[in-house]
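Just so you know, these numbers come straight off a predicted model, no measurement behind them.
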Amino acid sequence: MSSGTALAVAVTLTAGLAGGVQAAVMGELGERVRIAPALTFATLVSTVFALTVLIVWERSFAGLREAVHEPAWLWLGGLMGLYIVLAITIAAPRIGVAATIGLVIAGNLVMSAAIDRWGLLGQDQIPITWHRVLGLALLAAGSALILRT
């Protein structure tokens, strides 16, 4: 495994761990201060941190100027991130953190398989093999089992 691949795996795995914490924390914050204020506060914290990372990493705001000039459909990443945080804030206290994350992952895999299959959103086409279909089916079954408490 190359160092770039190892880094990608490590960062992605720790992001998965962070997602579980995020669901629990956002669910609790939403219960304490209501959903919309929790979502807004989390977005402000993310913005401040992202701007700090940008300044430390890039030492300028030039990348933001470049991003503004890209096609608007590329801004969907920001909207989807906001929607995911909204969804986990609503779901975690109602169905549990494991079920919330299981359903998010199941939805992620279904959509990402479609994106790969048809090469959507600027991605390369990657065929859906029986391994992928089996993985999706197992995850769907796991999500259904987690919801049965």
>> Check for me, please, whether I126 and I128 land in the same ILVMFWY cluster - side-chain distances under 4.5 Å, paths through other members count.
In response: no

> NE2/H69 to CG/L74 distance, rounded to the nearest 0.5 angstrom?
Replying inline: 14.0 Å

> If you measure from CG on L13 to CG on L17, what distance do you get to the nearest 0.5 Å?
Replying inline: 5.0 Å

>> One pair to check against side-chain contact (heavy atoms from CB on, under 4.5 Å): L138 and L134. What are the steps and the verdict?
In response: CA-CA 6 Å; L138 290 171; L134 178 60; 4.0 Å; yes

> More than 12 heavy atoms of other residues, nucleotides or ligands under 6.0 Å from CE of M80: is that the case?
Replying inline: yes

> Side-chain heavy atoms under 4.5 angstrom apart, residues restricted to Ile, Leu, Val, Met, Phe, Trp, Tyr: same cluster for I55 and L64?
Replying inline: yes

> Which is it for V85 and T43 under the side-chain contact (heavy atoms from CB on, under 4.5 Å) test, yes or no, and what are the steps along the way?
Replying inline: CA-CA 9 Å; V85 174; T43 302; 5.9 Å; no

> Where do A38 and M26 come nearest, in terms of heavy atoms and distance?
Replying inline: O-CE, 3.5 Å

> Could you give the distance from CD1 (I95) to CD1 (I88), rounded to the nearest 0.5 Å?
Replying inline: 11.5 Å

> Going only through I, L, V, M, F, W and Y residues with side-chain contacts under 4.5 Å, is there a path from L86 to W75?
Replying inline: no

>> Walk me through whether F41 and V33 qualify under side-chain contact (heavy atoms from CB on, under 4.5 Å).
In response: CA-CA 10 Å; F41 182 75; V33 302; over 6 Å; no

>> To the closest 0.5 Å, what do you measure between CG (L136) and NE2 (H131)?
In response: 13.0 Å

> Do V104 and V110 sit in the same hydrophobic cluster, where Ile, Leu, Val, Met, Phe, Trp and Tyr count as joined when their side-chain heavy atoms come under 4.5 Å apart?
Replying inline: no

>> For R117, is there any backbone N or O sitting under 3.5 Å from a side-chain donor or acceptor partner on Q125?
In response: yes

>> Can you tell me how far apart CG (L51) and CZ (F61) are? Round to the nearest 0.5 Å.
In response: 5.5 Å

>> Could you walk me through whether R94 and E31 satisfy the side-chain contact (heavy atoms from CB on, under 4.5 Å) test, starting with their C-alpha distance in whole Å, then the side-chain angles of each, then the deciding distance to 0.1 Å, before giving a yes or no?
In response: CA-CA 10 Å; R94 290 162 180 79; E31 290 290 295; 3.6 Å; yes

> Are L54 and R59 side-chain neighbours, meaning at least one heavy-atom pair lies under 4.5 Å?
Replying inline: no

> Atom CG in L44, atom CG in L39: separation rounded to 0.5 Å?
Replying inline: 9.5 Å

> Between the side chain of T40 and the main-chain N/O of P37, is any donor-acceptor distance below 3.5 Å?
Replying inline: no

>> Quick check against the 3.5 Å criterion: does T12 have a side-chain atom that pairs as donor or acceptor with the backbone of V9?
In response: no

>> Using modelled atom types and a 3.5 Å cut-off, is there a donor and acceptor pairing between side-chain atoms of R34 and backbone atoms of G30?
In response: no

> Shared ILVMFWY cluster between L120 and W73, side chains joined below 4.5 angstrom?
Replying inline: yes

